[in-house]
Amino acid sequence: MPQQTSPPARVATRDPLAWAVALVALGAFAGCIALWRTGGGTIDVSWARELDLRLHFSFDGIGALYGLLATGIGAAVFAYATAYVPLHLDHQARPARDRWRFWPWMALFMLSMVGLATAQDLILLFVLFDVTAVCSYFLIAFDRQERASRLAALMALLVTGGGAVAMLIGAVILYADHGTFSIPELASLLRTQDEAGGIATGTTVAIGLIAAAALIKSAQVPLHFWLPRAMAAPTPVSAYLHSAAMVAAGVLVIGRVFQLVEVAPVVQDGMLAIGLLSIAVGGALSLTRDGFKQVLAYSTISQYGYVVMLYGIGGRDGATAAAFYVVAHAIAKSALFLTAGTVTMAAGCRRLSTVGGLARELPVLAVASALAAATLSALPLTIGFFKDELFFRAAAEHSTLLGVVSVLAAGLTFAYTWRFWGGIFLGERRVGGAADDAAAAAKPLAPVPALLTAPIAVLAVLAVLGGIVVGPFAELASDAAGATLGHDVQLQLAYHLDARETWMAALAWLLGGLLLATPKAWGPAARALSRAGERFGPSHVYELSLSAVNRWSDRLHDVEVRDLRSRVAAVLLPGGILVALGFAATPTAGVFQIGSIDGTDLLVVALLALVAIAAGVVAFTHQHIAIVLALAVVGLGLATVYALLGAPDVALVAMLVETVVTLVFLAIVAYAPRGERPSRRELAGVASEPQRRHTHSRRWRDPLIGVVAGAAAFLVIWGALSRPTPAERVVDELVRLTPAAHGRDVVTVILADFRGLDTMVEVTVIGVAVFGVIALLRRGRTW
Amino acid sequence: MTSALVTAAVRTPHIDVAGLSPLIALAVGGMLALLVGIFLGRSARNVTPLISLLAIAASIGLSIWQFGEGKSVVADALAIDDLTLTLNFVLCATGIAAILLSWRSRAASVAGHPEYYALMMLSLLGMLVLVGSQNLVTLFIGFELLSIPLYVLCAAEFRKEGSLESGLKYLIVGSVGSATLLYGLALIYGATGSTDFAGIDRALAGGINGDVLLLSGIGLTLVGLAFKASVAPFHQWTPDVYEGAPTPVTAFMAVATKVAAFGVLLRLFDTALVNAQLDWAPIVAALAAITIVVGNVGALSQVSLKRMLAYSGVAQAGYLLCGLVVGTQLGVKATVFYLAVYCAMNVAAFAVVIARERASEYGDELPAFAGLGRSNPLMAWPMTIALLGLAGIPATAGFIGKFYLIDALVDGGYAWLGIVLVVGSMISLGYYLRVIAAMWMGERSGDVTPVRTAAPAPAGGSAGTPPVMAGGSQEADAELARSSKLEPEVVGVAWIATAVVLFFGIIPSPLFELAGKAGSVFTGIF
């Protein structure tokens, strides 16, 4: 509901909040450059000494690389968003103050990314992982009126949060084994241990868990499905989080803990496999998608697959190539994401099938985004060329097979990148697809604010500059690789026409071109893969498990509300089980002594059997009178047992009480109204329906509860009776003193003499209570 | 009379008034509130809570004075040591919060202000006795002194069916719990020949040797106390009673009772029964795991916030049990730390629930919170932070507390329970986030007349629009004038509790020190 008319976009672009955040990003970028050039710095303060938690940040190579990415790409995206967010809100007829739901989270996200880049402590990594997850939750759900956005946000949070939990568990296992959370300390400890004869399995598991958390964050197969769904976010969020920040956090963590991963070859091999799988699945699915951002999301999965694979290859080549790849990819991919946003703003459509031929109307955008696409597809004179060169070198050095695979992968990249660009900017305007897009396609293009193009152009220029003057970027990557590997790395990049990598690249372009030209050949296969993924894939498992948990919750609720609340059995049954478990767990051999049965004992046994049968009747029958009579049998039977066991006084009292109670019960049953008044909940229809359905199970449940509770009570009593009697000196003393107290039996003496005061007070209390009851019965009149 | 009785010289017992002073302050406060209330007419409404607050403040002050003395009073039946006093700080803080939240509630005026506050004070006294008890008899006295006023308080709003039902239910099931506890205590006494914790400890010095009597006693005692701490599977009363009771009473019950129950669990199991640790630890660990799973799964489908917080309280009880399982000083410290943090988080959440209940027609159900972020950020922020804290998100004290517990578990060799704890927290995000999402992303719907459907139990998706269930709140029903005007004391309580959650989330050291002192009183464990 629009609560006020939104101000025109032009005014809103002067929004001080937006510009403040963008300027902070720019300032932070400058700061990061300064820090990088001056060699960085370290903060190490104790946070919670008792838990061995430290705030340990160090601005090393990794910190510089990811810090620069987070702030630099951040500055570009924020500048873009100053124009985009007002338009976005305007389109959805939302008030301008909703921008407060955007900018603070973006700023916090950037801050936590910088923190993540410099953190040197596993717990800090976990904390900041969670902070980024929470920020992304609110940013993805920015269009909060859309159910799809909210579900996507929840999915992203649950999946990446689950990853963070894995990381925490891994960190705690490492701490338990090695006594520190600090990554550098762990690295040196583990290396020593590795050289001394291998690491423990627990440590490998812990490292695997941490790596898994990182892979989930980088949207690697099979837990990649949250990323395409997260495209429900506004475009600047996607451009920032899903190209340079959130997904980069995963590979950042891998880079940070790489020295731990190195000592666990299983984990490293797993990363290699997952990387390859992600390249293939992401690339193939990217070719089948129609939505701009869907294409880009799957391409991101595929691209981070490269990085993960490079870390899987490891060594100097792998680490340097991975670091360089992250930079080049982030620049190109954020530019492409921003392009998608601008096109949507201008033409109003979000699918490849409804656009086309926009190069004529948006020439600057077309050129800028073509440069970005060229970067991603590794054409020469862009920074992207070098990313693939390093990639090819690392792969070919590892094995020939991997070299071949890397060429195929690069071909795939070439194809989906240019399919995206060509689909938007080349050919004729197409109409089709969804109805709203079709309607939008008929309209002329909306004017595009300069700020929706300029940041893309800046990024494109940067990509080309990087292709010509590659030195600073190479230095950045080698610094990061140095921090990753723990020793200095030199990286020299230049164009070599005759190198093996150049030929591999040329082969890849050729392959990509072929793929582009023959969509009919691979189309059905790729679409079948996509359908299979939706049908049986991990996202389906996610949905299933969510609904299963909800179902359990409902069932638990039903059981508790219907059957267990206000039932004494709810305490007795688990109590009985608990006690029985205690017996089962404790050796009790020789504790019990079973004597022989003779004489009057036989009668006692028969009576007890009768009592048991009567108790069974109480549990089974549904007629009130029968219950009362059966209870009377129980009581009178026990009274007889007392008499037989030599306690006639107790038997008399029990007899009397039983008789009175039975008569009172019978009177109540006789006077009680027929039928039960339905309760409020039953009137509301909550509990009545299932109750009827479960009558059968209830029939058996109550007796079962009785049997278990009774068995527990039996065990307890048996345990008590079979204990050898301790020497009871106090009792002996009392009995000895009885004649001196002028009494003939010890009970009377205790009541009247030793505890005389107590007895008097008790008698008084009972007297007062009797008067109170009489007063109540006389309705407040006092005689 | 007899020679034996005549020769027994009359000895005047030594009464350590200074040591008992925190208890005396509470008792005197409760009685004063009751007596003064008789002579005041309408002004009792304001005077009795003030008296109670002053008494609690006095108790806090006296506790600070006695801190570090480490006394054992009333013939060693009551320990006034750092653990007792630390927990007294927490108890008193929750007492202050409960009194402030009750100030304008219907429950207090329906039940009568003097009686209401007096009962609350006496219950608080019972809790203090319970956490300080080092004798089975004082333990039971404290247990009953805490329970009986609560039975009455639950039914305080006795004209409402729900409140009455809640009180009666609590009374019946609570009596069974008490009986179980008493049976267990009797068996422990029978097996060891002593009611004194130190005496029990001495009797068990050689291990328990499969003594079934003692084992049954421990089991039944554990059941009785687990009942009070709402540990699954003895928690079934919790959601119903929490939902039906007047919300300020629910808030008080949810936090203070748990402090008391865990205080005595720690003392009983870590001093008297510490020699049997190998026997009870696996059972307690199993209970903790069951509690964490049941509480978290149960909370997922709740629409009423009070029910949800009840189940969440069950899950939190499971986390707290983790500190008991390991039987180490570290475990005690972690439990004390988490207890304090848990109280702050729950007080903040309940304060917001109370505010919404008084303002919205939906009462304490999820729709009442929809769009709160926009309409009332002053209330939405405390709720958000409290729920994030309960879920254990970093930068809140909940994270530090859980981390401390995990630390204790790993240290004590129960790493698997730590994993259960972490996974449980993960599940808990599902329902905490639902509320947060409703507050910040939902559209405001509090002013619309709710559609009272007869829908079956809620089956709503994790983030979808929840169905409206019949039976809204008591506070919002009927003639109570509704206004979105904020009551300063409720806002104050919510924000102070939130500040505590954030402060100890970022600078946990002061609370660590306090918890460390509390944990060091158990010299029998490491």
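Not measured: the values here are computed from a predicted model.
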Of A/Leu168, A/Asp130, A/Leu124, the residue whose pairing with B/Pro394 passes side chain to side chain contact (heavy atoms under 4.5 Å, CB included): A/Asp130
Contact class of A/Tyr175 relative to chain B, heavy atoms under 4.5 angstrom: side chain
Heavy-atom proximity to chain A below 4.5 Å, by part of B/Tyr311: side chain
Per-residue contact mode, A/Trp100 against chain B (heavy atom under 4.5 angstrom): neither
Heavy atoms from other residues, nucleotides or ligands near CH2 of A/Trp105 exceed 12 (cutoff 6.0 Å): yes
Segment of B/Ile400 engaging chain A (4.5 angstrom heavy-atom cut-off): both
Point-to-point distance, once rounded to the nearest 0.5 Å, from CD1 of B/Ile506 to CG of A/Leu55: 10.5 Å
Segment of B/Leu409 engaging chain A (4.5 angstrom heavy-atom cut-off): neither
Under 4.5 Å from any heavy atom of chain B - which part of A/Arg101: side chain
Parallel, tilted or perpendicular: ring planes of A/Phe181 versus B/Phe403, cut at 30 and 60 degrees: tilted
Any A/Tyr137 side-chain heavy atom under 4.5 Å of B/Leu433 side chain: yes
Reported CG-to-CG distance for the pair B/Asn296 and A/Leu556, which is rounded to 0.5 angstrom: 11.0 Å
Part of A/Ile123 within contact of chain B (heavy atom distance under 4.5 Å): side chain
Nearest atoms (heavy-atom pairs only) where B/Gly298 meets A/Ser553: O-OG, 3.5 Å
A/Asp98 versus chain B, the contacting section by heavy-atom distance below 4.5 Å: side chain
Interface moiety of B/Trp440 toward chain A, non-hydrogen atoms closer than 4.5 Å: both
Nearest non-hydrogen partners of A/Val165 and B/Met426, listed with the distance: CG2-SD, 3.5 Å
Proximal component of A/Leu128, with respect to chain B [non-hydrogen, under 4.5 Å]: neither
Top of B/Val297, B/Leu330, B/Leu388 for chain A proximity - count of heavy-atom pairs under 4.5 angstrom: B/Val297
Beyond-backbone contact of B/Pro508 with A/Trp47, side-chain heavy atoms, under 4.5 angstrom: yes
Portion of B/Val241 that has a non-hydrogen atom of chain A nearer than 4.5 angstrom: neither
